[in-house]
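Scroll down for the structure; my scribbles are underneath it.
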Number of protein chains: 4
Amino acid sequence: MNTKAYQAAVSDSSSVSTSALQAISQRFSAIRSLSLRITEPLSAEDCVIQSMPDVSPIRWHLAHTTWFFETFLLTGISDYRPFNAQYEYLFNSYYNTVGKQFPRHQRGLLSRPGLDEIIDYRLHVDAQLGHMLDEDLLDANALHILEIGLQHEQQHQELMLTDIKHVLSCNPLLPAYSPTQRQTSESHSLLGAIPLEWTECDEQIVNIGHDGNGFAFDNEGPRHRALLQKHSIATRCVTNAEFLEFVEDGGYQRPELWLSLGWDLVCREEWRSPLYWLRGNDGWQEFTLAGLQPLSAAQPVSHVSYFEADAFARWAGKRLPTEYEWEYAAQNSVQPGQRQEGVFADHLMDNGEAVQPQPQAKEEWLGNVWQWTSSDYSAYPGFEAEEGALGEYNGKFMCNQYVLRGGSCATSSTHIRTTYRNFFPPQARWQFSGIRLAD
Amino acid sequence: MNTKAYQAAVSDSSSVSTSALQAISQRFSAIRSLSLRITEPLSAEDCVIQSMPDVSPIRWHLAHTTWFFETFLLTGISDYRPFNAQYEYLFNSYYNTVGKQFPRHQRGLLSRPGLDEIIDYRLHVDAQLGHMLDEDLLDANALHILEIGLQHEQQHQELMLTDIKHVLSCNPLLPAYSPTQRQTSESHSLLGAIPLEWTECDEQIVNIGHDGNGFAFDNEGPRHRALLQKHSIATRCVTNAEFLEFVEDGGYQRPELWLSLGWDLVCREEWRSPLYWLRGNDGWQEFTLAGLQPLSAAQPVSHVSYFEADAFARWAGKRLPTEYEWEYAAQNSVQPGQRQEGVFADHLMDNGEAVQPQPQAKEEWLGNVWQWTSSDYSAYPGFEAEEGALGEYNGKFMCNQYVLRGGSCATSSTHIRTTYRNFFPPQARWQFSGIRLAD
Amino acid sequence: MNTKAYQAAVSDSSSVSTSALQAISQRFSAIRSLSLRITEPLSAEDCVIQSMPDVSPIRWHLAHTTWFFETFLLTGISDYRPFNAQYEYLFNSYYNTVGKQFPRHQRGLLSRPGLDEIIDYRLHVDAQLGHMLDEDLLDANALHILEIGLQHEQQHQELMLTDIKHVLSCNPLLPAYSPTQRQTSESHSLLGAIPLEWTECDEQIVNIGHDGNGFAFDNEGPRHRALLQKHSIATRCVTNAEFLEFVEDGGYQRPELWLSLGWDLVCREEWRSPLYWLRGNDGWQEFTLAGLQPLSAAQPVSHVSYFEADAFARWAGKRLPTEYEWEYAAQNSVQPGQRQEGVFADHLMDNGEAVQPQPQAKEEWLGNVWQWTSSDYSAYPGFEAEEGALGEYNGKFMCNQYVLRGGSCATSSTHIRTTYRNFFPPQARWQFSGIRLAD
Amino acid sequence: MNTKAYQAAVSDSSSVSTSALQAISQRFSAIRSLSLRITEPLSAEDCVIQSMPDVSPIRWHLAHTTWFFETFLLTGISDYRPFNAQYEYLFNSYYNTVGKQFPRHQRGLLSRPGLDEIIDYRLHVDAQLGHMLDEDLLDANALHILEIGLQHEQQHQELMLTDIKHVLSCNPLLPAYSPTQRQTSESHSLLGAIPLEWTECDEQIVNIGHDGNGFAFDNEGPRHRALLQKHSIATRCVTNAEFLEFVEDGGYQRPELWLSLGWDLVCREEWRSPLYWLRGNDGWQEFTLAGLQPLSAAQPVSHVSYFEADAFARWAGKRLPTEYEWEYAAQNSVQPGQRQEGVFADHLMDNGEAVQPQPQAKEEWLGNVWQWTSSDYSAYPGFEAEEGALGEYNGKFMCNQYVLRGGSCATSSTHIRTTYRNFFPPQARWQFSGIRLAD
């Protein structure tokens, strides 16, 4: 739900019901604690490193998500005493409206505040917000911001997992994030992937975008009519086995398969496979959060850039779907409001399994791997950003990025929906990003 | 017309008529000689410099356009003797299918072959092609390639003008490209710009893309149905006077007006105005091909990046049009097939006027300044690239670029049409690129 | 003592005496434990960061010094079991003879092994060496290498202090390394600096370099005759107050005072004062290991580059001494073999004082601040590097570096001598480097 | 002769004699015209390019040498009308005392003024100075500056030759600077190189530096006493054949032979041979000013950096001489004041021979190739820079450079002497720089 729809919905009733408040309170508590669970297998040292500018230290994620609640809900309250006045500057990511920011690429230069102090900071803010929830001191707008803060924290939880994976991959020791997690549950590994099939769709006008029931980010709306061309779309994602064919067919050596910018990158960075693949003496392996593993043929390929996704599609004689084609197909397959089954971070962690894609044993649209679309990330017709500083959340990034859909094994099941628009620059590949084909 | 349509059209008739051949021959001769006319005011030294990676030396343009004809029409003919076998490598721009290329950013390191030798190269290739045209030795496919070669040379003529402007602007002497050209014709300067008005359009399905009558690049097709949202679009472009208001209102100091990547660039490059504006003691001036001139209030603003166009639109409470909105509006205003009136390079040069935008005294869609659209440069549904090496012409650049429409004062009147899709990265501003607003 | 002299000395006696062995054993234990004492005030997070390529993480210093003993004394012993076989690669600094090295500028990317594991590594190697010392299993050559290892560790102890100072200075919180240490002892602060006087010296032939009594690095020899010009040299170093005059006289704005490379750097990096000076509302402050402090007028200036030292000397109408002039003057003032009084890291830490320069209340040649000389770092006539991998210790760095003499407040008193040659590139200023003038 | 000695000498006599003036006038005319002779084989395009920051366009050299005379002799004369007031800025190289400078690395961005206009500029200044020489209007100080200007122009003539060689080498066509010049005179090529012998020298005190008879740059003085160690020095330079042995012995693959900074460079730049060597199908070739030539075994190796010279010496079990050792040996072999026989630019050009090293058929100290010494470029004891802006000529570059002695085939015979100190950074290799060994 975007701001306006949400406010309308809430202000219809004179107050939020007690049971709704309890639900919010539980959700707040559950999401906040998941961040600490993600941190648990890590040492204090692990939480310091910024292995590339795109990556942030784990400690920074823990602090910044807290800063978000503090800045947008607590600062300005007359009797609120900030935990540390300098954090406003240190942990602001990109909100020019709030103030200057410590330079992003220097986040790895900070050893203080340490992990313990940042956990204290979290407790300080949680206590304050818990009190306000208990005492029903948050109005509708504040509850809306609280919800954005929780969604925001869920986004950072995914980044924590992909960032620490990148950090650990830079270490020649190739340490596991959590060696005790099971790599693949039996239920998944035994089944293998379903055959690749195609769903056809005729030209038609469809409704795209969020309908206002439940939370949504501003960039998911407004819902609007769009014309789809006749096309077909795959029922599952490309597997490691299929991508390996591309690799072995010289896919990374043939310029005619690549966008020009992609080919420059392949040459300059000497890309020869997806990000975490390693060719060993005994064949291909993949670095995972559970350490180095043999490459799983049936798993969907992940950690590919838009350039690789696009080149693979051209090699296969297909193309990537538009985000509208993807959303329409997903709408027809996913029941909104139902609990999502599938491969999600929260489920995997609850089961003691490593956060890693799993073979798609049935048609699946949400979870497992993000799917690159051919759509650049731009505003829907009539788009209006959130008001105030939160308007910087999405809109200002609508340039030179491509939309990914569907969520991944590092996404929480309560965070994703068919209208959700993720976005990354075409060269990014440290996310669990994969490929679904269209024709 | 894309390749397939063109070939179909030509092969309907068993041969091209004599008068058609004469017309092609005249057109070939006229376009080839315009490149030399553009070079005429320049010294041999002017033709060497590559002032930034995007710019190519004038000599390189003269050679590369010739290489294009040689490579795609002459090489492979049994008795054709290449002018210099090493030119294949030296003057290949980006055709991997043809072979390796001398690195683009090093084009300014070549002093040989000199200007005279390159003109000899042109004469060599022109003589050969003239002979083949006279003797009717070119089949339909060859004539199609010849036409692409001419369109290609017209594109480079525009680049020659914008590149030499950039080269000269790097010299503290600020020399004029041609001090003898009149800066502005009286007919233009006296009229001023028309008032800014808006053309409204309801939601509707329209046809977008080239219909196959006459030449078109592959990226202009296929023609397809698209849904326009209700909107309105301006009848003329933003003027220097209007853009100056933005500058003076702190437009370049307010992050909330900018896309995030644009703001980074504004800070890093210390942008404070469009590319060639200079603030002197007596007010704003603009570097033009006729040297430094007082800023003309009524001229459309040019040499702005996509970032500046987008920020201006946000400041004005408007937005940039999509390329579909632009094309639909232009179709309703421009009669296809008619000689284009307006501000074009060939007309200006025939009149002895400097190549420079002119005040828009009437509703104009073609010529004067390119207009940034909000559309990223991507394939139309069902797009198929030209076959062979010429397939590298357009498709592989469909990433991180934005579409500009309409042509400019540096475009030839015989080169532009309403379906024409130009494209540049969002930071580019050395083209005559301006702003048309939508709402 | 260089290798050959040392080996000769040791092999004269059939074995090292028991008391000598005990002394070595105590010295080994004392030096190894000082590294841990330096680490003690730091968090695990502090020990991860590499704030610039010149800096290494504290954990890396702890491991590399241990690697040195392991590689040169334990590896190759038949029954030695390495702590971790991959450490050979991870903690090799620059010994090509030993093998490949993990890239220096990426040392900050490693979170594992963690601090605890590295301390275990230290204990593992210490136990092994302790056993060998106890059992008298080290021959003369091994004892020589052990001594180099200890001297090497003392060098890294100085770097640990200067590196962590740099790391902490990058944090806007400006945290103190150890807030509990006293900033300045009373005995020092009350006295102030002695007046600046000059020691004269006529032209003469002198002996320069180490005479072979006691340990010396290879680069300190061979001792040789050299011709000194007539000159004079200052009895103390330049103070902060004196350097402040230079700053306030526009020293950083006047190109005529600077070497050309230095002036480029001043402009590019916008240097306006020594590295850790900060101009606050209440005057100049200096970031120290005890946190931000008011600038002490009487302390010798430190954290200046060769460029700043040279520019200051030119501004003062003087010059920097040659390393030969420095060594000759120091020889006449310092009694070799005596316990060094003065401002040294070990003494300061024993006294609970912060590692920070102190006013020079008497003529002092060793301790407090390193003194830039005008001599480039090059081989003495007849120089021979150590044999084997240890030959890479010094000689290969003899290019584009300048010699510093005398040791600093971060040097151990048992590590320094008048023949000691330290060296850094002319732009380096994160060491405690100061200025002594000559004329 | 440094400034002070020169002024003293001139002011002894109340005026310069008529015959001396005529000699100066002829010398002025000869040197100025040589710059144009060097330019003669070049096209206007050749004179534009700056192929790396160290290189300047030929047109820039022609203008800057003229600017030198104009700035230091004509500007300030009441009735002098500058050719173009903006040239003061455009053609100032590095004299901060004179004013701001157009950025060095952007010299290749200037196409105007063109070659013809710069030649007019030369004629304008030459006419003015010719008039002043004819009318005896230059006082002793002005004549001293005139002499510096001529020496300065001779330095730039050498740079013109080495810079255009670099420019042409960047072109895959590998064009010759002058294909009509003979590559090697018979007299040279038939003889081959003399055997490598060694001149021994005992420890002794010698006089180093210029004695004040005739012109010298400030950095050659003051003459002073220095102590030489016992040593020996080679009678000729290292040949291509000898250097090829180093190459084929894996010299560029063995880190133990290299200074650390040199090894970094070898790896980063993938150096495998001297700068202009190319390995073809038929063996090694060398790019020369006469185009690509088979590598001459007997010629002295040239275009090696200090790093390569030092690595070769280490491989050969020798070392580079100090500049004092070199000067003392050369003094004993060269008669001062005599016309220099040997391989010099002016002689070669007079003979129609290409500027290229020749086999050393006899003991030679001047000409052919510059010889790297192990001495960093620093001030002699008691050094005083020229007064005023000319004080920026030498002194401010005394950092991170090494001294080369002896001149090269690109030096004029009237420019060189045994006390002459040339200097370049250790990585530079586009000069005719070679190797003489010492032991």
Side-chain angles (χ1 to χ4, degrees), chain C residues 94-97 100-101 104 203-206 208 222 224-231 254-265 306-307 310-311 314 319-320 322 324-325 374-383 385 388-389 391-392 394-402 425-427, chain D residues 94-97 100 104 203-206 208 222 224-231 254-265 306-307 310-311 314 319-320 322 324-325 374-383 385 388-389 391-392 394-402 425-427 438:
Chain C
Y94 54 67
Y95 296 87
N96 293 305
T97 313
K100 292 213 165 205
Q101 304 111 43
R104 174 175 186 157
E203 185 196 280
Q204 60 190 290
I205 289 182
V206 299
I208 293 294
H224 62 284
R225 285 153 45 87
L227 181 68
L228 294 192
Q229 312 284 328
K230 182 178 188 326
H231 71 278
R254 293 165 53 184
E256 71 272 18
L257 298 173
W258 294 80
L259 288 163
S260 181
L261 289 178
W263 182 244
D264 292 349
L265 206 54
Y306 176 80
F307 293 126
D310 172 82
R314 191 168 292 110
R319 61 174 176 83
L320 301 179
T322 68
Y324 285 8
E325 290 167 348
S374 65
S375 300
D376 78 306
Y377 177 50
S378 59
Y380 282 170
F383 166 70
E392 297 188 57
N394 280 307
K396 73 180 181 183
F397 301 110
M398 290 175 174
C399 184
N400 287 8
Q401 312 223 40
Y402 286 82
Q427 69 274 17
Chain D
Y94 54 66
Y95 295 87
N96 293 306
T97 314
K100 292 212 162 203
R104 173 173 188 159
E203 185 195 278
Q204 60 191 290
I205 289 182
V206 298
I208 294 294
H224 62 284
R225 286 156 43 88
L227 181 68
L228 295 191
Q229 312 284 329
K230 184 178 187 323
H231 70 280
R254 293 164 53 184
E256 71 273 18
L257 298 173
W258 295 79
L259 288 164
S260 181
L261 289 179
W263 182 245
D264 292 348
L265 205 55
Y306 175 81
F307 293 125
D310 172 81
R314 191 168 292 110
R319 62 173 174 84
L320 302 179
T322 68
Y324 285 8
E325 291 166 347
S374 65
S375 301
D376 79 308
Y377 177 50
S378 59
Y380 282 171
F383 166 70
E392 296 188 57
N394 279 307
K396 73 180 181 183
F397 301 109
M398 290 174 173
C399 183
N400 286 8
Q401 313 224 38
Y402 285 82
Q427 68 273 19

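Letters go in sequence order (proteins before strands), and every chain restarts at 1. Given the structure is predicted, the values throughout are model-derived calculations rather than measurements.
For chain D, the option among C:E256, C:M398, C:Q401 with the highest count of heavy-atom pairs below 4.5 Å is C:M398. The residue among C:P381, C:P425, C:G395 with the most heavy atom pairs within less than 4.5 Å of chain D is C:P381. Contacts with chain C were tallied for D:P426, D:S375, D:G262; D:P426 has the most, counting heavy-atom pairs under 4.5 Å.
D:F383 meets the ring pair (Phe, Tyr, Trp, His ring centres under 6.0 Å) test with no other residue; sequence neighbours excluded. Here C:F397 pairs with C:Y94 under the ring pair (Phe, Tyr, Trp, His ring centres under 6.0 Å) rule; sequence neighbours left out.
Side-chain contact between D:R225 and C:L227 is present, with at least one heavy-atom pair separated by less than 4.5 Å. Looking only at side-chain heavy atoms (C-beta outward), D:Y402 and C:D376 come within less than 4.5 Å of each other.
Of all the heavy atoms in C:P255 and D:N96, the pair that sits closest is CB-ND2, 3.6 Å. D:L261 approaches C:C399 most closely through the heavy-atom pair CD1-O, 3.8 Å.
The part of C:Q229 that comes within reach of chain D is its side chain, from C-beta onward, which places non-hydrogen atoms under 4.5 angstrom from that chain. Proximity to chain C is absent for every atom of D:H231, based on heavy atoms less than 4.5 angstrom apart.
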C:Y306 and D:N400: CA distance, side-chain angles, deciding distance, side-chain contact (heavy atoms from CB on, under 4.5 Å) verdict
CA-CA 12 Å; C:Y306 176 80; D:N400 286 8; over 6 Å; no

